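The structure under discussion appears below in the form of structure tokens.
Just so you know, ligand 1 is whichever comes first in the structure, and atom 1 is the first atom listed for that ligand. None of these values were measured; they are calculated from a predicted model.
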Amino acid sequence: MVLAVPIRSAPRTPSIFGLSREALVGLLSERGIPPYRAKQLFSWVYRRHVRSPEAMTSLPSALRAELPSWLDFSLPRVASLLGTSDGDTHKFVLQLSDGASVECVSMRTERRLTLCLSSQVGCALKCSFCATGLMGLRRNLTAGEIVAQVMAMGDHHAWRDDRFNIVFMGMGEPLANLGAVLEAIRILHDPEGMNLGARRVTVSTSGLVPQIAELAAAGLPVGLAVSLHATTDALRNELVPVNRRWPLAELLPAARAYGRATGRRVTLEYTLIGGVNDTPEDADRLARMARELPSKINLIPYNPVPGLPYARPDAEAVDAFARRLYPQAPAVTVRNTMGGEIWAACGQLGGLSPA
Ligand code: SF4
């Protein structure tokens with residue numbers, strides 16, 4: 001008789017990048033290893049950027065020898081790396097252990113390095129102007145896969161920047177994968193490790209109202225960016241379909257409550273699409289919304305995506321919209337588009353690459 005045995009894949013070795021220090025202490029204690037070794041490991045990995053246990057000389061040699069058998073220190077393979085001609089922006093495609101790939105972007109300005117992270121492979125929310133939305137949702141990323149994006153980009157920049165910002169504005173809706181996003185932020189925030197301040201982190205959302213409250217309750221005063229893109233429900237239903245579930249009358253109070261709970265101004269992201277949402281009336285409504293909450297407005301001239309019926313407004317139209325806003329709104333910036341030539345700009349992540 002042949003017994004049918006369910007085939008189970010071998011349990012994967014946990015990645016150190018997905019473990020908080022507390023979780024690492026738990027893993028170590030199962031093996032009779034004292035908790036302070038977790039602190040040492042965090043220091044090696046996140047402060048000194050050493051990932052070969054053999055080189056972690058403050059650990060006993062027996063521990064160094066056994067660590068790789070039950071803890072994975074490897075990063076996803078960089079399957080592709082594209083840089084802009086000015087060298088300021090790089091788009092990384094990382095190949096994950098199940099073969100999926102995810103994109104992340106580093107952007108350097110005179111003032112700082114910003115790392116733009118993905119939270120999902122693809123996205124379910126189907127914003128009508130976005131390349132990632134065209135992919136549909138393939139899966140959520142784990143906390144370890146999110147932290148690994150920071151490590152891969154930091155390696156590329158040789159950890160020259162003692163301080164940098166991270167923004168969850170890559171592929172996916174971060175608040176649809178809030179558990180992993182929060183876990184990753186906590187790992188990066190750990191004072192014994194990278195010690196990345198919560199004020200250096202911005203989480204963007206297209207408007208998942210209940211999760212905005214959950215994020216506020218998490219006790220990490222990270223910045224919140226709301227991808228607004230329209231000032232009427234009719235247009236927002238079209239551009240950001242999740243608006244049908246949580247319309248502006250629910251989203252804006254949730255954003256206001258977030259700002260009050262964290263003491264931080266909420267960023268209203270507004271992608272300016274030529275002939276779609278760039279009228280003077282749009283500017284007036286946007287200014288009114290911005291005045292109702294502690295906020296700043298970030299205007300993003302649209303970055304075209306092949307196959308989508310939207311165009312970038314010309315420079316005069318962007319300027320006119322911004323000028324209409326300036327006297328009425330508390331703070332307005334126009335985002336200097338970075339990475340358009342390598343399909344790394346906002347809304348362009350989704351397997352696109354230059355011809
Ligand atoms: S804009 Fe953000 S939320 Fe909308 S489809 Fe793209 S990745 Fe998803």
Side-chain angles (χ1 to χ4, degrees), residues 91-94 100-105 107 114-141 145-146 149 166-178 180-181 184 201-212 214-215 222-231 233 235-248 250-251 254-255 266-273 276-277 298-310 312 335 337-340 343-352:
K91 178 165 90 169
F92 301 73
V93 180
L94 303 184
S101 40
V102 72
E103 299 176 17
C104 50
V105 178
M107 295 159 286
T114 298
L115 306 179
C116 177
L117 307 183
S118 291
S119 53
Q120 299 180 305
V121 182
C123 183
L125 297 190
K126 299 196 183 316
C127 299
S128 61
F129 53 86
C130 171
T132 311
L134 292 173
M135 296 172 64
L137 176 65
R138 310 231 169 125
R139 70 171 174 86
N140 281 335
L141 294 179
E145 288 167 338
I146 294 170
Q149 295 171 56
I166 64 172
V167 294
F168 283 88
M169 295 184 184
M171 300 168 89
E173 161 57 56
L175 296 193
N177 187 18
L178 184 57
V181 166
V201 178
T202 300
V203 175
S204 147
T205 181
S206 55
L208 305 195
V209 165
Q211 286 84 354
I212 291 175
E214 264 184 66
L215 182 64
V222 297
L224 178 72
V226 172
S227 300
L228 198 62
H229 310 316
T231 55
D233 280 324
L235 181 58
R236 198 161 190 272
N237 286 347
E238 201 183 297
L239 296 178
V240 187
V242 75
N243 192 72
R244 293 184 194 133
R245 177 70 184 82
W246 290 291
L248 290 166
E250 293 184 46
L251 174 58
V266 173
T267 304
L268 299 178
E269 304 277 354
Y270 195 88
T271 297
L272 265 179
I273 307 176
V276 173
N277 63 356
N298 193 13
L299 294 180
I300 310 160
Y302 181 65
N303 299 302
V305 172
L308 295 183
Y310 299 115
R312 187 186 184 92
R335 189 181 294 176
T337 299
M338 300 182 77
W343 301 102
C346 280
Q348 290 185 319
L349 299 185
L352 301 171

Non-neighbouring partners of Glu238 that pass salt bridge (charged side-chain N to carboxylate O under 4.0 Å, His left out), sequence neighbours left out: none
N/O/S atom of Cys127 inside 2.8 Å of atom 6 (Fe) of ligand 1, strictly under: no
Ligand-side contact atoms (ligand 1) for residue partner Cys123, heavy atom cut-off under 4.0 Å: 3 (S), 5 (S), 7 (S), 8 (Fe)
Thr231 vs Asn277 side-chain heavy atoms within contact, under 4.5 Å: no
4.0 Å heavy-atom contact, Gly172 with ligand 1: yes
Qualifying residues under ring pair (Phe, Tyr, Trp, His ring centres under 6.0 Å), relative to Tyr270, sequence neighbours excluded: Phe321
Interfacing atoms of ligand 1 (cut-off 4.0 Å, heavy-atom, Gly133): 5 (S)
Exam field: side chain Gln149 to backbone Ser118, donor-acceptor pair closer than 3.5 Å: yes
Interfacing atoms of ligand 1 (cut-off 4.0 Å, heavy-atom, Lys126): 5 (S)
Shortest non-hydrogen contact between Leu251 and Gly207, atoms and distance: CD1-CA, 3.7 Å
Ligand-residue contact atoms, ligand 1 with Cys130, heavy atoms, under 4.0 Å: 1 (S), 5 (S), 6 (Fe), 7 (S)
